[in-house]
Number of protein chains: 2
Amino acid sequence: MTIQQLTYFLATVEHGSFSGAARSLFLTQPSISEQIRQLEGELGIALFARAGRGLVLTEAGRKFRPAAARVLADVERARAAVAEVRDLRGGTLGFGMFGTASAYLIADLATDFRKKYPDVRLRLVGLNSSEVADQVRNATLEAGLIVLPVDDAGLDLRVARLEELVVVSREASRLSTPVTIEALADAPLILYDAQYGANDPMRRQLLDRAQRAGVTLRPVIEVEGIEAAVGLARRGLGDTIVPRAAISRQGARGMHFSSFAEPLFDTFAFIARSDAPLSPAARAFVEIVERRLDRLSEAALYAAGTSETD
Amino acid sequence: MTIQQLTYFLATVEHGSFSGAARSLFLTQPSISEQIRQLEGELGIALFARAGRGLVLTEAGRKFRPAAARVLADVERARAAVAEVRDLRGGTLGFGMFGTASAYLIADLATDFRKKYPDVRLRLVGLNSSEVADQVRNATLEAGLIVLPVDDAGLDLRVARLEELVVVSREASRLSTPVTIEALADAPLILYDAQYGANDPMRRQLLDRAQRAGVTLRPVIEVEGIEAAVGLARRGLGDTIVPRAAISRQGARGMHFSSFAEPLFDTFAFIARSDAPLSPAARAFVEIVERRLDRLSEAALYAAGTSETD
DNA sequence: CTCGATAACAAGGTTTTTCCTATATGACGA
DNA sequence: TCGTCATATAGGAAAAACCTTGTTATCGAG
């Protein structure tokens, strides 16, 4: 039994003759005739009674008709199901983001995406970068945005953005010249994302530099969020280091900031399974993330030196 | 999209690899691979992500899987629907019978048939022979048992039985020798099946004979059923003519009966559309009817001359 | 009752599809 | 690094689908 035969059968029922069905399907009568014969042979019973003029359904044919129609309807539904995914009118996208990005971006991203593709369900999870990488690897998530470095085995990786890390201090004097790692070591340091400890990419880079310069960094306070770190810096408890984009946000008003002498960057990257092609939904979402990141950069450009007005 | 491709797809999902699916279907891996590729091409999106080892469903594949399964399930249901009809496990049989037969046989026939094929619905209608013929012609009924003659245009006709018509009288003297049509004309005549009038096959035969013999038959009473006719004959209101098989029934006790000098028969015949093949159910039912008719004949053989004991 | 139209059916040939074998390629694990 | 297992690819054989041509049967009209 083939879908084709079912199509021919239903067309024949509708037209009452093989030739009529053949015309409607742009085929010849013997083709239809032959396929119906085969179908009847396989079913072991005649579906039509052959009259000189036209055809009549047999009892078996009457029973078969609605069943055949249902099969064809389901075929269409199957086609539609994948078309939804293909045309971004359905399905679910699972996407992971590292903590900071998820905190600041998730609302905007979800809004943008749902506005454009209201029928695609979205599952956006905030984890740390290596957790995101793991879940993408085992297909719990389809793709993600992380901060390098991560173990990229089995992953496709594409750098999305370099986010400069700047030093923030209450004392403008401490930032009169680009900050060196040695200068940083001279003052109390406040760091955030305490829970990740040495796995935090920013810490890894800082410790790396300190080691090479032969100095020791002493974080006096480690807190959870950027806001908290900046808040503590405002009270003069120490300096802190934050992504440049975070400067333009609330909580940094009246603070001073400066690049490192040797600029320090967080590298954002998109990851996906290296063997699986990205779904259209994932591609569309990545594009939206990129647009948002670009807007962040632009906003950050206007904020330089001291964020008085923000 | 073909049913075959859906089968291959589901087998691949189940086994997690083309090669595994191929083994389970007794095919080779390139065949499966090729069909899946074609399916994906037609759907316009990949269903599997090809990993070095094994395959993973894409989002589209996940959506497609249940839809494909439903199609295959419905294909099976379609197959089962016609199999029911073929194997006499379903469907409906419409069968027509002429009045007398329906009155005497319907209960037994329905019982026999339902006992053997409890899943086939039965629609047994009692009409006169020409009405049955008409409804078989226009496919309202699939087949029927009628008394000849009928207009058999467009019908297949098979004689089922010759049923002798015998004269029944209260006076044994009237039946001492085989009855001639002339002798019949000498006495009051009671006929049944009044409503059909001259269309009744028995009347047609009798009138035909009378005409050839140059005598006139005068039915003094016409009633509806055989029982009524025999009842009136018992009261001495006249002679009547009934199928031999009816003699052995209640209501004919103590009456005398005799064949015609030139034996008179009702011819029972099965009819069906000449263009439509009989459904298995109809064939089975015809067989059951034949068996019942045979048993009637046997019973009638023991009743001869006078039905004292019946 | 013959004639023409229509449609099923049959036969033969061509194109397309399906499936195979053989081989290349790529990933994983010892 | 090599062997194993998986998919991809190429080429050819078998099968299926379709077409063309021609025959037969039925129905309706003249």
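In the text below, chain A, chain B and the rest are named by the order of the sequence lines, each starting its count at 1. Any value given below was found using the heavy atoms of this structure, including those in side chains, with hydrogens, waters and symmetry copies removed.
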Integer-rounded Å distance: [N] [atom2] and [X] [atom1]:
{"X": "Gln4(A)", "N": "dT16(C)", "atom1": "CD", "atom2": "C1'", "value": "12 Å"}
{"X": "Gln5(B)", "N": "dC19(C)", "atom1": "CD", "atom2": "C1'", "value": "14 Å"}
{"X": "Ile3(B)", "N": "dT18(C)", "atom1": "CD1", "atom2": "C1'", "value": "16 Å"}
{"X": "Arg23(A)", "N": "dC19(D)", "atom1": "CZ", "atom2": "P", "value": "14 Å"}
{"X": "Ile36(B)", "N": "dT17(C)", "atom1": "CD1", "atom2": "P", "value": "17 Å"}
{"X": "Leu55(B)", "N": "dC5(D)", "atom1": "CG", "atom2": "P", "value": "17 Å"}
{"X": "Tyr8(B)", "N": "dC20(C)", "atom1": "OH", "atom2": "C1'", "value": "12 Å"}
{"X": "Leu39(A)", "N": "dA16(D)", "atom1": "CG", "atom2": "C1'", "value": "15 Å"}

Consider the side chain of [X], meaning its heavy atoms from C-beta on, and name the nucleotide among [options] that approaches it most closely.
{"X": "Gln38(B)", "options": "dA6(D), dC18(D), dT18(C)", "result": "dT18(C)"}
{"X": "Pro30(B)", "options": "dT21(D), dT21(C), dT18(C)", "result": "dT21(C)"}
{"X": "Leu27(A)", "options": "dT21(C), dA8(C), dC19(D)", "result": "dC19(D)"}

Sugar-phosphate, base or nothing in reach of [X], heavy atoms under 4.0 Å:
{"X": "Ser33(B)", "value": "sugar-phosphate"}
{"X": "Phe48(B)", "value": "nothing"}
{"X": "Thr28(B)", "value": "base"}

* Assign each of Gln29(B) and Gln35(B) to its nearest nucleotide of DNA chain C by heavy atoms, then name whichever residue's nucleotide is nearer the 5' end. =>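 Its nucleotide being nearer the 5' end, the pick is Gln35(B).
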Can you tell me if the side-chain N/O atoms of [X] get under 4.0 Å from OP1 or OP2 in [N]?
{"X": "Arg37(B)", "N": "dT7(D)", "result": "no"}
{"X": "Ser19(A)", "N": "dT6(C)", "result": "no"}
{"X": "Ser31(B)", "N": "dC20(C)", "result": "yes"}

* Among Thr2(B), Val71(B), Leu72(B), side-chain contact (heavy atoms from CB on, under 4.5 Å) partner for Thr7(B) ->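 The single option meeting the side-chain contact (heavy atoms from CB on, under 4.5 Å) with Thr7(B) is Leu72(B).
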* What distance separates Ile3(A) CD1 from Gln4(B) CD, expressed to the nearest 0.5 Å? ->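 Spacing of CD1 (Ile3(A)) from CD (Gln4(B)) equals 10.5 Å.
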* Give, for atom OG1 of Thr58(A) and atom CG of Leu47(A), the distance between the pair rounded to the nearest 0.5 Å. =>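 Going from the OG1 atom of Thr58(A) to the CG atom of Leu47(A) covers 5.5 Å.
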* Scan side-chain atoms only and decide if Glu34(B) and Gln38(B) contain a donor-acceptor pair under the 3.5 Å cut-off. =>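 A pair is found: one side chain offers a donor N or O, the other an acceptor, under 3.5 Å apart.
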* Asked: For the base of dC9(C), is there a side-chain donor-acceptor partner from Glu34(A) under 3.5 Å away?
  ->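 Not at all, since no donor on one side and acceptor on the other fall under 3.5 Å apart.
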* Neighbour count >12 (heavy atoms, 6.0 Å) for atom CZ, Arg121(A) ->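 No, CZ of Arg121(A) has 12 or fewer neighbouring heavy atoms, counting only those of other groups under 6.0 Å.
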